2 protein chains.
Amino acid sequence: MFEQLGLIGCGLMGSSFALALRQAGLVKRVVGYSKSPSTTEQARQLGIIDVEAPSALLAASGADIVLLAVPVAAIGPTLKAIRHVVTSEMLVMDVGSTKADVVEAAREALRERIGSFVPAHPIAGAESSGPAKARADLYRDRQVVLTPIERTLTIRLQQAEAVWKALGCSVRQMSPDTHDAALAAISHLPHMLAFAAVNALDGQPQGSEFLGLAGPGFRDYSRIAAASPEMWRDILLANRAELRRQADAFRLALNALEDAMERGDAQQLEALIARASRVRSAWRMHTAGAAL
Amino acid sequence: MFEQLGLIGCGLMGSSFALALRQAGLVKRVVGYSKSPSTTEQARQLGIIDVEAPSALLAASGADIVLLAVPVAAIGPTLKAIRHVVTSEMLVMDVGSTKADVVEAAREALRERIGSFVPAHPIAGAESSGPAKARADLYRDRQVVLTPIERTLTIRLQQAEAVWKALGCSVRQMSPDTHDAALAAISHLPHMLAFAAVNALDGQPQGSEFLGLAGPGFRDYSRIAAASPEMWRDILLANRAELRRQADAFRLALNALEDAMERGDAQQLEALIARASRVRSAWRMHTAGAAL
């Protein structure tokens with residue numbers, strides 16, 4: 001049980017965490033701060049935070065748990081801003097979608113206080129944003145990856161794990177690099193492809209006419225293209241080395257399909273589609289209830 | 001009201017059409033045929049068809065409405081097989097996802113009887129298949145594109161339009177070529193990209209480990225990759241000219257994102273993502289209730 005959550009970033013992810021923590025009976029008071037004062041005010045009006053803090057430093061001050069729910073490029077500067085109030089009794093986490101850059105920034109920002117910081121990435125989200133879209137169950141049945149480093153305090157790591165489990169998550173640990181490689185493959189590249197597909201459509205003279213015909217397949221395929229530009233700009237930049245590798249692997253796979261198509265090689269084309277269809281049909285989204 | 005539906009192809013699309021037609025009170029009797037006898041038998045056991053026909057010809061014989069729900073490459077041969085029982089009183093439709101090739105094959109197969117054939121593409125579907133997955137509401141609120149040619153009988157075209165409208169669809173007419181260009185952009189290319197993305201993942205040493213972490217974004221993005229290999233082999237081959245154009249446009253859009261990422265051009269990268277996000281957020285799937 002925590003006395004006070006310092007919530008830095010009252011958008012969808014941060015506000016949903018506050019709601020979930022409160023619903024689980026794990027926190028007494030939530031002090032929130034967002035870069036945009038109207039976001040902070042909205043979060044307070046919605047009862048997501050109890051008190052509006054005028055700065056990240058004041059949101060963190062006196063808290064025993066701090067969550068940074070800000071774009072990944074803002075995590076380093078935010079940690080720098082709060083470092084003077086970070087204590088070894090405090091659990092500090094982020095929810096960033098990349099981890100190698102976050103860990104690097106955290107080392108530099110927190111220095112000897114880094115032991116309190118547990119880098120976290122809950123694999124959850126929605127294309128909507130803002131506190132009004134927050135849901136107490138956003139993290140339920142989702143996976144959370146923790147990427148502790150050698151100086152992470154064991155007690156904080158255990159505490160982080162317990163918090164996410166209490167919110168209905170299953171928790172995995174991996175290195176920041178492994179996390180980033182995996183996420184490039186299963187999330188960051190798909191976002192890039194969806195952005196590119198929508199832009200390619202929009203760039204055609206008949207683009208909007210074509211879009212008017214699009215059905216459920218397009219709807220689901222392109223859903224992630226509606227994501228936050230600011231957030232995804234940061235993610236793509238932070239993880240560009242892994243993304244380059246994934247984009248190269250994707251291009252090879254696309255070329256293989258196109259080659260078979262151009263050659264009119266029906267057998268090879270069917271085999272390539274059958275492989276994708278088999279893999280995707282066999283895949284099940286991990287839920288917290290399932291064995292890891 | 002029809003006396004008898006001749007259903008050729010008792011899979012998901014065909015069986016759902018039969019169920020919907022029956023639910024709308026538009027047909028008295030359904031005679032069905034599938035290439036696979038077990039599919040035909042299953043459709044009969046499920047009450048989707050009343051009678052199993054031993055051939056496509058016998059399914060069509062005596063029907064006043066015939067639906068070909070077979071892979072696009074099979075439409076020509078099937079029309080050839082039934083041409084002797086096609087009359088000017090009969091409405092014959094397909095549900096194929098490409099239209100230029102279907103029209104071409106129909107001209108050759110039906111010759112002077114082509115007036116009864118109304119090429120149709122209901123933009124609906126699911127990754128599941130087979131009669132057991134059929135649903136009477138599969139076509140409800142979906143768009144159907146009809147691509148009549150100069151020799152299509154007006155009365156059959158009007159009848160086709162009335163049938164789909166009665167099933168809750170909104171109906172559009174366009175040329176076969178326009179249809180194929182639009183579908184390449186909004187459906188066929190997205191399928192190709194999803195097949196390639198899943199194959200690229202599966203081809204990596206850590207592919208299945210990565211897949212284990214995938215969340216809701218991947219789930220929706222890749223749903224269409226689970227589609228039928230036989231059906232999609234035919235679609236990609238039939239529409240390859242348009243697909244090539246769409247794949248080229250996609251590659252340019254992907255390169256633009258990657259270039260901005262590699263150059264570390266945050267502003268340009270954000271602008272490209274913002275464009276996709278704006279277009280996708282503004283898009284609404286057309287439903288039959290909305291104005292065309």
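Owing to the predicted nature of the structure, the values given are computational and were not obtained by experimental measurement. We name chains A, B, ... by the order of the sequence lines, and we start the count at 1 in each one. Values reported hereafter were calculated over all heavy atoms of this structure, with side chains retained and with hydrogens, waters and symmetry mates removed.
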Contact winner vs chain A - [options], heavy-atom pairs under 4.5 Å:
options: B/G217, B/A249, B/A266; result: B/A266
options: B/T178, B/L183, B/L257; result: B/L257
options: B/G207, B/S187, B/A256, B/A197; result: B/A197
options: B/V198, B/I123, B/N199; result: B/N199
options: B/A282, B/A184, B/A194, B/A181; result: B/A181
options: B/L236, B/D202, B/V279; result: B/D202

What residue, out of [options], has the most heavy-atom pairs lying under 4.5 Å from chain B?
options: A/M261, A/E258, A/Q267; result: A/M261
options: A/P190, A/S208, A/A73, A/S281; result: A/P190
options: A/A274, A/A247, A/G264, A/P216; result: A/P216
options: A/S222, A/A185, A/G215; result: A/S222
options: A/L254, A/L272, A/D234, A/V145; result: A/L254
options: A/L189, A/N255, A/D248; result: A/N255

Please tell me if the side chains of B/L19 and B/Y139 come closer than 4.5 Å, counting only heavy atoms from C-beta onward.
-> no
Looking at side-chain heavy atoms only, is the closest gap between A/I224 and B/D220 below 4.5 Å?
->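 Side-chain contact under 4.5 Å: no.
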Any donor-acceptor N/O pair, A/N239 side chain to A/T98 backbone, under 3.5 Å |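 Not at all, since once roles are kept as given, no pair shorter than 3.5 Å links the two residues.
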Donor-acceptor contact present, side-chain A/Q143 to main-chain B/G212, <3.5 Å |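 At least one qualifying donor-acceptor pair exists.
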Contact part of [X] toward chain B, heavy-atom cut-off under 4.5 Å: side chain, backbone, both or neither?
X: A/Q204; answer: side chain
X: A/L252; answer: neither
X: A/R251; answer: side chain

Does any heavy atom of chain A fall under 4.5 Å from the side chain of B/E262, the backbone, both, or neither of them?
-> both
Name the region of B/R263, side chain, backbone, both or neither, that has any atom closer than 4.5 Å to a heavy atom of chain A.
->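 Answer is backbone: N, CA, C or O of B/R263 sit under 4.5 Å from chain A.
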Output the distance between atom [atom1] ([X]) and atom [atom2] ([Y]), rounded to the nearest 0.5 Å.
X: B/I273; Y: A/W232; atom1: CD1; atom2: CH2; result: 8.5 Å
X: B/R172; Y: B/T147; atom1: CZ; atom2: OG1; result: 14.0 Å
X: A/S15; Y: A/R135; atom1: OG; atom2: CZ; result: 13.0 Å
X: A/K35; Y: A/T39; atom1: NZ; atom2: OG1; result: 10.0 Å

Other residues, nucleotides, ligands: >12 heavy atoms within 6.0 Å of A/E108 CD |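 At most 12 heavy atoms, drawn from other residues, nucleotides or ligands, come within 6.0 Å of this atom.
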With a 4.0 Å cut-off, would you call B/K99 and B/D180 a salt bridge?
->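 Answer for the salt bridge query: no.
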Who passes side chain to side chain contact (heavy atoms under 4.5 Å, CB included) against B/S97, sequence neighbours left out?
->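 If we apply the side chain to side chain contact (heavy atoms under 4.5 Å, CB included) test to B/S97, skipping adjacent residues, the hits are B/H121, B/H188, B/M231, B/I235.
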